[in-house]
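First the structure, in the form of structure tokens, and then the observations on it.
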Amino acid sequence: MQGAALSALRLPFGFAAGGEYHRRRHCRSSGGFGVRMALREDGPSLAIVGVTGAVGQEFLGVISDRDFPYRSIRMLASKRSAGRRLTFEGNEYVIEELKEESFDGVDVALFSAGGSISKAFGPAAVARGCVVVDNSSAFRMDPEVPLVIPEVNPEAMAHIKVGSGKGGLIANPNCSTIICLMAATPLHRQAKVKRMVVSTYQAASGAGAAAMEELELQTREVLDGRPPTCNIFKQQYAFNLFSHNAPVQPNGYNEEEMKLVKETRKIWNDEEVKVTATCIRVPVMRAHAESVNLQFEKPLDEDTAREILRGAPGVVVIDDRASNHFPTPLEVSNKDDVAVGRVRQDISQEGNHGLDIFVCGDQIRKGAALNAIQIAERLL
Ligand SMILES: NC(=O)c1ccc[n+]([C@@H]2O[C@H](COP(=O)([O-])OP(=O)(O)OC[C@H]3O[C@@H](n4cnc5c(N)ncnc54)[C@H](OP(=O)(O)O)[C@@H]3O)[C@@H](O)[C@H]2O)c1
């Protein structure tokens with residue numbers, strides 16, 4: 001892939017030669033680079049933890065795209081990035097090393113720097129009256145912490161508001177769970193899912209900015225006949241696929257698969273729903289795909305299912321059998337909506353009680369940054 005096409009799959013910001021961040025996209029014709037968009041005195045003060053990462057960079061893009069209001073932003077990352085400059089919406093920021101005091105006076109903190117950082121700094125932020133929206137898995141299964149997809153279970157976070165002085169913690173679900181449930185939930189509401197079988201085809205972007213760079217590098221190396229550099233993954237990624245790199249548990253499932261199982265039950269508030277998953281890493285730059293087989297308590301035919309999906313917020317149906325056109329990761333990259341297609345009756349199940357669907361979603365966006373900003377919007 002060349003030039004523009006590949007850069008569209010990369011991240012919105014990147015270091016310029018002088019060590020300064022600059023925008024690659026999200027420039028608006030009405031204002032664009034260099035113009036203040038959502039800087040507002042009545043907006044909350046924000047902190048972005050992990051601002052140099054894949055999700056952190058996407059936070060900035062989504063804040064800009066949605067005109068999310070803010071009074072100020074603290075750009076936080078590790079010691080390695082401290083002191084680097086970043087220009088965002090016409091204002092220059094210096095990236096600061098994350099410390100507990102970073103949250104003094106901060107209303108909303110968006111965390112995406114890994115579970116250990118969330119565990120170490122999340123409670124300190126909450127203690128300072130800050131509402132934390134956390135992208136890591138650190139608090140997802142904590143019964144006190146709402147696990148929220150705004151289109152699915154916004155009621156779970158209704159008790160948390162900015163400015164209450166109490167602070168709070170809200171977890172963003174795993175990216176595969178978000179993408180799956182965006183499509184499965186409207187059908188679940190209609191016919192109640194009894195069992196769900198998920199097979200994922202997960203992109204490099206799910207493993208962070210360094211994994212995206214490694215896939216690009218490996219692709220060049222393999223085409224040039226050189227041995228691929230394997231720093232992020234233990235095996236060749238370009239022109240290959242492999243079982244998801246999350247650690248395998250004693251039951252044989254890896255952690256990514258078990259997240260789909262446990263998080264679905266928590267989000268649907270249904271301990272009975274049966275979920276099984278197989279998660280695979282594929283050499284796609286960004287956006288996950290998932291094959292989802294659903295078994296329902298009540299009958300649901302495919303035409304009704306398609307109509308329900310067409311009316312579902314944040315979902316777009318791409319299901320053109322005549323021209324064999326269905327969702328692809330490329331089509332949903334950098335898009336907000338989750339695309340659903342291949343909607344068909346599961347012929348192995350009796351009486352309209354089963355459906356197969358194929359779902360694609362940009363997991364840095366709806367699977368991470370967009371979902372978190374949508375949560376933050378509901379806090380205001
Ligand atoms: N990628 C996705 O699609 C996705 C989806 C959902 C959830 N998540 C979750 O979001 C988190 C970040 O993922 P990512 O893909 O954005 O990873 P990434 O591209 O590797 O970025 C990691 C970020 O964490 C920062 N960081 C690392 N160590 C730190 C420290 N000691 N103190 C402060 N900041 C530190 C890094 O800053 P430096 O640049 O300074 O090292 C960088 O900004 C993870 O918990 C991941 O599971 C990711």
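Numbering of ligands and ligand atoms starts at 1, following listing order.
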For atom 36 (C) of ligand 1, which candidate among Ile178, Thr52, Ile95, Ile48 provides the closest heavy atom?
Thr52
Using a 4.0 Å cutoff against the non-hydrogen atoms of Gly206, which atoms of ligand 1 qualify?
1 (N), 2 (C), 3 (O)
Gly367 to ligand 1, any heavy atom closer than 4.0 Å:
yes
Hey, which atoms in ligand 1 end up nearer than 4.0 Å to a heavy atom of Ile117?
29 (C), 30 (C), 31 (N), 32 (N)
Please identify which atoms of ligand 1 are closer than 4.0 Å to at least one heavy atom of Ser81.
38 (P), 39 (O), 40 (O)
Given the rule in the side chain to side chain donor-acceptor pair (under 3.5 Å) test, do Glu221 and Thr229 qualify, once you have shown the distances and angles that lead to the verdict?
CA-CA 8 Å; Glu221 288 171 334; Thr229 303; 2.6 Å; yes
Could you list the atoms of ligand 1 found under 4.0 angstrom from a heavy atom of Gly114?
11 (C), 44 (C), 45 (O)
Asn269, CG: over 12 other non-hydrogen atoms inside 6.0 angstrom
no
Have a look at Gly53, Ala246, Ala77, Ser78 and point out the one with the heavy atom closest to atom 21 (O) of ligand 1.
Gly53
Any side-chain heavy atom of Val284 sitting closer than 4.5 Å to one from Tyr201?
no
One thing to verify: whether Lys259 and Glu255 come together as a salt bridge, which I'm taking to mean a side-chain N less than 4.0 angstrom from a carboxylate O.
no
When you compare ligand 1 with Ala207, is there at least one nitrogen or oxygen pair between them that comes in under 3.5 angstrom?
no
Which of the numbered atoms in ligand 1 are under 4.0 angstrom from any heavy atom belonging to Gly50?
23 (C), 24 (O), 25 (C), 43 (O)
From atom 7 (C) of ligand 1, work out which of Thr177, Asp134, Leu98, Asn135 has a heavy atom at the shortest distance.
Asn135
For the salt bridge (Lys or Arg N to Asp or Glu O under 4.0 Å) test, which of Lys262, Lys192, Arg189, Lys194 pairs with Asp270?
Lys192
May I ask you to check whether Tyr237 and Phe242 place their ring centres under 6.0 Å from each other?
yes
Leu309 side chain reached by Leu187 side chain, heavy atoms, under 4.5 Å:
yes
Ala54: numbered ligand 1 atoms lying under 4.0 Å from its heavy atoms:
15 (O), 16 (O), 18 (P), 19 (O)
Are any of the side-chain nitrogens in Lys366 or Glu151 under 4.0 Å away from the carboxylate oxygens of its partner?
yes
Give the atom numbers and elements of ligand 1 that come within less than 4.0 Å of a heavy atom of Ala368.
5 (C), 6 (C)
Taking the six-membered ring for Trp, are Phe103 and Phe111 parallel (under 30°), tilted (30 to 60°) or perpendicular (over 60°)?
parallel
Run the numbers for me: atoms of ligand 1, each under 4.0 Å from some heavy atom of Ser136, listed by number.
45 (O)
Is the closest basic N to carboxylate O distance between Arg306 and Asp319 below 4.0 Å?
yes
Examine the proximity of ligand 1 to Arg80 and report which part, side chain or backbone, both or neither, has a heavy atom under 4.0 Å away.
side chain
Among Ala209, Ser205, Cys175, closest by heavy atom to atom 2 (C) of ligand 1 is Ser205
